[in-house]
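Computed from heavy atoms alone, side chains included, the values below leave out hydrogens, waters and symmetry copies. A note on names: the letters A, B, ... follow the listed sequences, proteins ahead of strands, and every chain is numbered from 1.
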There are 2 protein chains.
Amino acid sequence: MTEDPRPAGSPTLEDVARAAGVSRATVSRVVNGVRNVDPVIQESVRQAVAATGYTPNRAARSLVTRRTDAIALVVSGAGDDPTPEDETGGAHPAGSTGGDGGGHHAGSTRGAHDPDEPDGGAGASFTAQVFADPFFGRVVTGVVNYLRPRGMYPVLMFAETSRARDEVVSYLRQGSADGALVVSTHADDPLPALITDAGLPAVLYARPSRPTRISYVDLAHQDGARLAAEHLLARGCRRIATITGPLDVPAGQDRLAGFRDTMARAGQPYLPLAEGRFTQESGEAAMARLLAEHPDLDGVFAANDVMAVGACHVLREHGRRVPEDVAVIGFDDSSAAVACRPPLTTVRQPVEEMAAEMARLLLDRLAGSDRAVTSVIFEPSLVVRGSA
Amino acid sequence: MTEDPRPAGSPTLEDVARAAGVSRATVSRVVNGVRNVDPVIQESVRQAVAATGYTPNRAARSLVTRRTDAIALVVSGAGDDPTPEDETGGAHPAGSTGGDGGGHHAGSTRGAHDPDEPDGGAGASFTAQVFADPFFGRVVTGVVNYLRPRGMYPVLMFAETSRARDEVVSYLRQGSADGALVVSTHADDPLPALITDAGLPAVLYARPSRPTRISYVDLAHQDGARLAAEHLLARGCRRIATITGPLDVPAGQDRLAGFRDTMARAGQPYLPLAEGRFTQESGEAAMARLLAEHPDLDGVFAANDVMAVGACHVLREHGRRVPEDVAVIGFDDSSAAVACRPPLTTVRQPVEEMAAEMARLLLDRLAGSDRAVTSVIFEPSLVVRGSA
DNA sequence: GCGCGATGGGAGAGCGCTCTCCCGCTCCCC
DNA sequence: GGGGAGCGGGAGAGCGCTCTCCCATCGCGC
């Protein structure tokens, strides 16, 4: 036969088959390592693959296998968005989605962006808030590091409004991903149910507020809070207060419960507290309130590091030394804990490992080996640094 | 017409066509809004779509259109190495843009997660380092916010080793994405060229060290440094030093050059400097060095916020008040700038907008309207807060 | 009345891959 | 020597979609 005119696009199975003098099916078998193929033929196929520079076409494969080998990593926000969209203004300008995020983390530490935020919204967007917290970066890290050796990469999605949620679901329904990892910042997030209703497996970070037939990973928040309480007590603190997380999410509730229980058990039934929203600013405000009511306090447990950092700032501004006058303990062991002075003593939440486990659960599910709904609860540990 | 037995999978074009009593082609036309279709038929097709709950199958569409409507967001790291020594010379000079590299936070308390990746150490820490810096979160924010209204979502990829780079390229060659947005933390990153060689369009964040036929967005670093210098001078500082970024990346070089030039022009030819690597720890070390040699300095320009924060810590530990004794200016206007006390006066890099522009350039390119290689340079601005 | 362009719809050929059949061959046991 | 069983390979039917043809219809100018 004569040389084929080089086909325009990238080489296909057919091209490789021709080059190797075998059938398409055989090449496919070699490429996918399925069934026995004569070693000699295998080798010649491999050479043909190398010679042609063949790469399987993902869409074609996906079409027949009904798998994409992609998974979605969805950060899901506030539950409902009754307000009709501000869509007109928000859609087109770069960097703005018109998503005004919903809420509880609003304000946050980024307030200072406003002065010169020409294309409004970008700095205040849900997306921006999400990444302002070191937490989500760690989730991404854990997920990516688990997926990568397996040749998979996450598609990053955000769903903070009901409209965005619909878009996410419809995207998933198109068969763009085999499953979803959902990190909710909201207690009653309807997204997980929507996803599973659409027939896709999902795994959650953190226990949903209502029991569902969806696997999740979580932390033993109460144990973590207990570690913090015990450390403060062992340190000799006797006038201890806490800055809680938002009390409408399980993590906020559990950390408070665990702390309060341990304190009570140690004979300290009265626990001054101020509610924060996991943002530095809210931590500052909470600390200021606590200090006003209890000027003599000597220990503070903040339900996350970012609030603890805010608390330290306020304590210092009020002339208290950390840890000499007031001991401060955070929660998470995020990058914020080591970025401040003194570095934070904190309860470590192994976010990366938890995220990796989330990915593992999903992949197991996809592999079909395990259809069971499971939960994996991680144990926190205390990391002692300078602040307590 | 009898009821069809419900087909197992999700409804296809064929199903809709049957329900609407038209051909597949017509349904496709309506769904994609192409060519004229009789309004009456259009309506009945729409109803059929709604009734069947039809969603186009992405793989099938992708197979014929040769487009995936997905783009990759690649964070690319150090140029070369099968060697796992990332601590010595290579040192991940991050952030042609002020991105954080280094990651010395890692050692202390971060338990190595990543249980099941043999070569994982380097990769794991790279990913973690990347997100330890507020910078990358902002890039993601900008990109996501631009893509989302357009129904697209980024696939997140990392390429810090040559092996990872190959995997990224091969993934892209499979037709998994239509193009790539590349954020390099390394000056001589071979990845962009590899991607374009594979026939995919790419857009870079930050000017590559060698000129290439690839579009990019960047910041006028020198102008930003000039703003910082002018502000310090106007404030009355006379013994000014700078903590530079890594001097092997353009951003580090340009910020230094701009600062130095302005100082020289103002009659201050001698500029004490210490090189950092865009990490807080390196900023602390640099500040300590500067302070040792020039105990009387009254102004510091750090080439990014994270280093500025470190500098503030060291200054305070040496009994200097910020800004009363020493004024400090950062660069980036990242979340770190507002998270510290006093909040940082800093040069704002509009990362979100720049990232959005990057996405815009890529999408324009994909739309075919614009095959030209372009660059878009953003102007920085000064954000005055407490530190200077 | 005829031609002819414009309009709107259908038929059907793939896109590149996987996977089920099926067929020919060899081996081995009776 | 006959006949499974087992193995290795090929043929070919789609997966669900888009898009090029092609055809039927209609309006309209000459």
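Rounded to whole angstrom, the span from the CG atom of B:Leu63 across to the C1' atom of D:dG14 amounts to 12 Å. If you take CZ of B:Arg66 and C1' of C:dG16, they are 8 Å apart, rounded to a whole angstrom. Rounded to an integer number of Å, the gap from CD of A:Glu14 to P of D:dA11 is 10 Å. With rounding to whole Å, B:Arg61 atom CZ is found 18 Å from C:dG16 atom C1'. One can place CG of B:Asn57 at 14 Å from C1' of C:dC17, the figure rounded to the nearest angstrom. For the pair A:Gln42 CD and D:dG8 C1', the interatomic distance rounds to 11 Å; values are reported in whole Å. If you measure from atom CG of B:Asn36 to atom P of D:dC26, you get 17 Å, rounded to the nearest angstrom. One interatomic measurement links the two molecules: CG of A:Leu13 to C1' of C:dT18, which rounds to 9 Å at whole-angstrom precision.
Contact annotation: the side chain of A:Ile71 never approaches that of A:Tyr153 to less than 4.5 Å [non-hydrogen atoms, C-beta and beyond]. Between A:Arg165 and A:Pro190, some side-chain heavy-atom pair lies under the 4.5 Å cut-off.
With respect to A:Arg163 and A:Asp166, no salt bridge is recorded, no charged nitrogen being found less than 4.0 Å from a carboxylate O. Ion pairing of A:Glu167 with B:Arg150 is absent here, as no side-chain N (NZ or NE/NH1/NH2) approaches a carboxylate O to less than 4.0 Å.
Under 4.0 angstrom from either OP1 or OP2 of C:dG10 there lies at least one side-chain N or O belonging to B:Thr26. For D:dG10, one of the phosphate oxygens OP1 or OP2 lies less than 4.0 angstrom from a side-chain nitrogen or oxygen of A:Ser23.
Here C:dT18 is the nucleotide among C:dT18, C:dA13, D:dG16 with the atom lying nearest to any side-chain atom of A:Asn32. Side-chain atoms of B:Ala60 lie closest to D:dG16 of the nucleotides C:dC17, D:dG16, C:dG9.
Where B:Ser28 and A:Ala25 each meet DNA chain D at their nearest nucleotide, the meeting point lying more 5' is that of A:Ala25.
Among the heavy atoms of the strands lying under 4.0 Å from A:Arg29 is at least one base atom, whether or not backbone atoms are also near. As judged by a 4.0 angstrom heavy-atom cut-off over every strand, B:Val34 is placed among residues making no nucleic acid contact.
Between the side chains of A:Arg61 and A:Asn32, at least one donor N or O sits under 3.5 Å from an acceptor N or O.
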